[in-house]
Amino acid sequence: MKRFLYTFLGAVAGYISGAVLGYILVHLFSPNVHDKELEAAMTGAFFSGPVIAVLSAVVGFVLGGRKRVRDSGE
């Protein structure tokens with residue numbers, strides 16, 4: 001259950017941050033002057049958001065499955 005929660009939270013946080021990052025990067029570097037707002041929104045929603053969400057979900061999956069090593073005190 002913990003692994004699922006970390007995966008889900010990683011995907012949601014990754015999507016939001018990826019979408020915002022993609023939006024900002026397109027606004028800064030795109031030479032398009034006609035419909036830059038639309039290009040930025042579509043890139044954030046349909047490319048950078050999902051890509052970062054998948055990467056973040058993988059990281060959440062890995063971190064959610066780690067077990068803590070307890071010191072035996074010996």
Side-chain angles (χ1 to χ4, degrees):
M1 187 67 179
K2 180 177 137 183
R3 180 173 270 189
F4 173 76
L5 181 65
Y6 274 56
T7 303
F8 179 74
L9 291 176
V12 170
Y15 181 82
I16 292 170
S17 61
V20 170
L21 180 65
Y23 185 86
I24 291 170
L25 288 175
V26 168
H27 258 285
L28 291 176
F29 298 114
S30 177
N32 188 357
V33 293
H34 178 65
D35 57 354
K36 188 182 280 193
E37 289 288 327
L38 181 64
E39 180 185 10
M42 294 297 120
T43 300
F46 296 115
F47 178 71
S48 61
V51 167
I52 301 298
V54 169
L55 295 175
S56 299
V58 169
V59 170
F61 183 79
V62 170
L63 292 179
R66 290 191 339 184
K67 295 187 187 278
R68 291 186 179 172
V69 177
R70 295 185 182 209
D71 188 17
S72 63
E74 292 180 35

Residues 41-55 side chain polar contacts: donor-acceptor under 3.5 Å, at least two apart:
{"unit_1": "Thr43", "atom_1": "OG1", "unit_2": "Glu39", "atom_2": "O", "d": "2.8"}
{"unit_1": "Ser48", "atom_1": "OG", "unit_2": "Gly18", "atom_2": "O", "d": "2.9"}
{"unit_1": "Ser48", "atom_1": "OG", "unit_2": "Thr43", "atom_2": "O", "d": "3.4"}

Please report, to 0.1 Å, the donor-acceptor pairs under 3.5 Å made by any side chain of residues 57-65, with sequence neighbours excluded.
none

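Residue Ala40 comes nearest to His27 through the heavy atom pair CB-CD2, 3.7 Å, listed as atom of the first residue, atom of the second, then distance. For Gly14 against Ser17, the heavy-atom pair with the smallest separation is O-OG, 3.2 Å.
In this structure Asp35 satisfies the side-chain hydrogen bond (donor to acceptor under 3.5 Å, both in side chains) test together with Asn32, sequence neighbours excluded. Qualifying ring-ring contact (aromatic ring centres under 6.0 Å, His included) partners for Tyr15, counting only residues two or more places apart in sequence or in other chains: none. For Ile24, the side-chain contact (heavy atoms from CB on, under 4.5 Å) test picks out Val20, Leu28, with sequence neighbours left out. With sequence neighbours excluded, no residue forms a side-chain hydrogen bond (donor to acceptor under 3.5 Å, both in side chains) with Tyr6.
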